[in-house]
Every structure is written in C-alpha cells, then in structure tokens.
2 protein chains.
Amino acid sequence: MEIEKIADALKALGDPTRLQIVALLNSRDCCVCELVPVFGISQPAISKHLFRLKTAGLVKETRRGQWVFYSLIREQLETIGFSLTHLPDLSYKLKELEQQGLLVQCN
Amino acid sequence: MEIEKIADALKALGDPTRLQIVALLNSRDCCVCELVPVFGISQPAISKHLFRLKTAGLVKETRRGQWVFYSLIREQLETIGFSLTHLPDLSYKLKELEQQGLLVQCN
DNA sequence: TCATAATATAACCATATCGTTATATCAATA
DNA sequence: TATTGATATAACGATATGGTTATATTATGA
C-alpha cells in the first residue's frame, strides 16, 4: 500500500476517541447508539468519527433495521501494520452502561 | 500504556512526511541535513517533524559534532503495536541524492 | 576569536480538525 | 400515514497542524 494511505489510516487511529472506538469494536461490533453514551460527546460527533474511520477503510457499517452497527476491518489494520493486541480492553465501559440501564436495547 | 499515549504516537506517525522519515530511519540512522533534501520542505519544517516524533517517544537524537543524527526507538513502535515491516523501503531516495552529490558529507 | 555550517526556535499564516447545534434522512410502528 | 427514534449531514467556531521566513544557538576550523 502507498505510504500516504498508511499515513491516512494511522491519522484516523491517532485520535483518542477514535482509537477507543476501535478498541471497543475489537471486543464486539457496536451500534452508534451504544457508542454515544460511552464518550461524553454528541451523536453527530460520534457519527463523524465513524465516517473518518470508514473513509480510512478501517471499519464497515451494517444497517439492522433502525440501527447501524459498525465493525472492524481487521485485514486493513493488518495491512497498515497495526496490531490491536496492545490496546486495553474497554468492553467494561459498555457493561457498566448496560448495568445502569443507559443503553438502548438495539439488538 | 494509556490509550491517549498510543493515540498521540499514532497521530505522530499519521503524517506522510513523518511516516516517510520513520521509513527512512528504518533503513539507517539519518542526520537532519540528509533528511532535508529528501523532502521538498524547509529545514525548520523537518526539525519540527523530528521534534514531534521525539515528543511521541518514537525517535531519539545523537549529536555527532556539528550534526545531529536521529534513530528509531523500536521498542516504542512495538509498544504501540505498530510494525515497520509494511512500510516501503525508501533508502533509494538517499542513494539517489548521494549519487547526484546532493548530500553533505556528514559521517 | 571570528566566520561558517548545521540545527533549533520564534512568529506568522492558511488550512484541517473536532467539537457544537440545527436539520435532514430513513426505518419502525401506532 | 403520521409520529417517533436512530443516524447522517450542514453550518459554524475555537484550536491544532504544517508550512513559511527570520533569527538564535551550537560546533567547527581558519
């Protein structure tokens, strides 16, 4: 892959919110409505981050009825030479929200 | 490592010039005066990119007399989960400049 | 010690980035 | 079909980024 494309993907990963989104998606696919309450930012901000990751070829979306789920494209991460194994497991954030009843039932 | 630190290092890598600098340093340590002619940008611009990489903990500097050589901190790249093996070998750029006599004799 | 070469820092500017709020789009359902 | 909920897009603003030129710093050598 051209070095500019790799740089673009690394830049997409080089934001704390997006990198945490990627870490979450590493534990399981997530719906936009699940990601919003994890971070203290607006739904449009989350949508834009997801769009940025999608543009870099790092995630793909799947609509399930009303909801849109995002998942990692692991081959692309492999292609740019980035390994997820060094990222912390953030799935506890989703679990906490779920226990507090702050997640919409989207699946 | 905290995810913010990883994101910061990935952001440092997420610029085409800096990623190419890293690719060059992967082939051998380089002096600032060698890097300047490789890219079409000014010496201060190169210095700032190197400072950014240094701040992210990705490179270190060693002064040899008049010249300052930069080298990769490979453990840090490993720590953030980034592998250099997918980067193209850019050492030909230095070789071309050398053959054209456009490199200062700095070692 | 003074001139020169290499590098770093300062000040500045144009553009990109990342957030916001408001609004549009799309699917589900009463 | 009208309403509601989820998501995307538009428009905007504050700050970050990456380049420039000018200047300061540091080391070498006549």
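Note on naming: letters A, B, ... go to the chains in the order of the sequence lines (proteins, then strands), and numbering restarts at 1 for each one.
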Report the nucleotide, chosen from [options], that has the shortest atom-to-atom distance to any side-chain atom of [X].
X        : options              : result
B/Thr17  : D/dA8, C/dT9, D/dG19 : D/dG19
B/Val104 : C/dT20, C/dA6, D/dA8 : C/dA6
B/Trp67  : D/dT9, D/dA8, C/dA6  : C/dA6

State whether A/Tyr70 places a side-chain N or O below 4.0 Å from either non-bridging phosphate oxygen (OP1 or OP2) of D/dA6. no
After noting the C-alpha distance and the side-chain angles of A/Ile80 and A/Leu13, does the key distance pass the side chain to side chain contact (heavy atoms under 4.5 Å, CB included) rule? CA-CA 11 Å; A/Ile80 67 165; A/Leu13 293 170; 3.8 Å; yes
Would you classify A/Phe69 as touching base, sugar-phosphate or nothing, given that sugar-phosphate means primed atoms plus P, OP1 and OP2, and contacts are heavy atoms under 4.0 Å? nothing
Determine which pairs satisfy salt bridge (charged side-chain N to carboxylate O under 4.0 Å, His left out) with at least one residue from residues 18-45 of chain A, sequence neighbours left out, and list them in order. A/Arg28-A/Glu34
So which pairs with a foot in residues 93-107 of chain A pass salt bridge (charged side-chain N to carboxylate O under 4.0 Å, His left out), sequence neighbours left out? none
Could you run down nucleotides 24-30 of chain D 5' to 3' and tag each one B, S or - for protein heavy-atom contact under 4.0 Å? ---SS--
Let me have a per-nucleotide readout for nucleotides 13-18 of chain C, 5' to 3', with B, S or -, counting only protein heavy atoms under 4.0 Å. ----SS
Would you say the side chain of [Y] lies within less than 4.5 Å of the side chain of [X], judging by non-hydrogen atoms?
X       : Y        : answer
B/Phe69 : B/Cys106 : yes
B/Leu53 : B/Leu72  : no
A/Asp15 : B/Lys11  : no
B/Ile73 : B/Leu77  : no
B/Ser27 : B/Asp89  : yes
B/Leu94 : B/Cys30  : yes
A/Leu90 : A/Gln20  : yes

Whole-Å distance between [N] [atom2] and [X] [atom1]?
X        : N     : atom1 : atom2 : answer
A/Gln105 : D/dA6 : CD    : P     : 12 Å
A/Lys60  : D/dT7 : NZ    : P     : 17 Å
A/Ile21  : D/dT7 : CD1   : P     : 13 Å
A/Ile46  : D/dA6 : CD1   : C1'   : 14 Å

Should B/Leu10 and B/Leu84 be regarded as members of a common hydrophobic cluster, given that ILVMFWY residues are connected when their side-chain heavy atoms come within less than 4.5 Å of each other, either directly or indirectly? yes
Rounding to the nearest 10°, end axes of the helix from C/dT1-D/dA30 to C/dA30-D/dT1 built from five pairs each make an angle of 10°
Just how far is it from atom CD of B/Glu4 to atom CG of A/Leu19, taken to the nearest 0.5 Å? 9.0 Å
To the nearest 0.5 angstrom, please state how far the CD1 atom of B/Ile21 sits from the CG atom of B/Leu58. 11.5 Å
Going by heavy atoms closer than 4.0 Å, what residues in residues 22-44 of chain A are next to DNA chain D? A/Cys31, A/Val32, A/Cys33, A/Gln43, A/Pro44
Taking atom types as modelled and ignoring hydrogens, do the side chains of A/Gln43 and A/Ser47 form a donor-acceptor contact shorter than 3.5 angstrom? yes
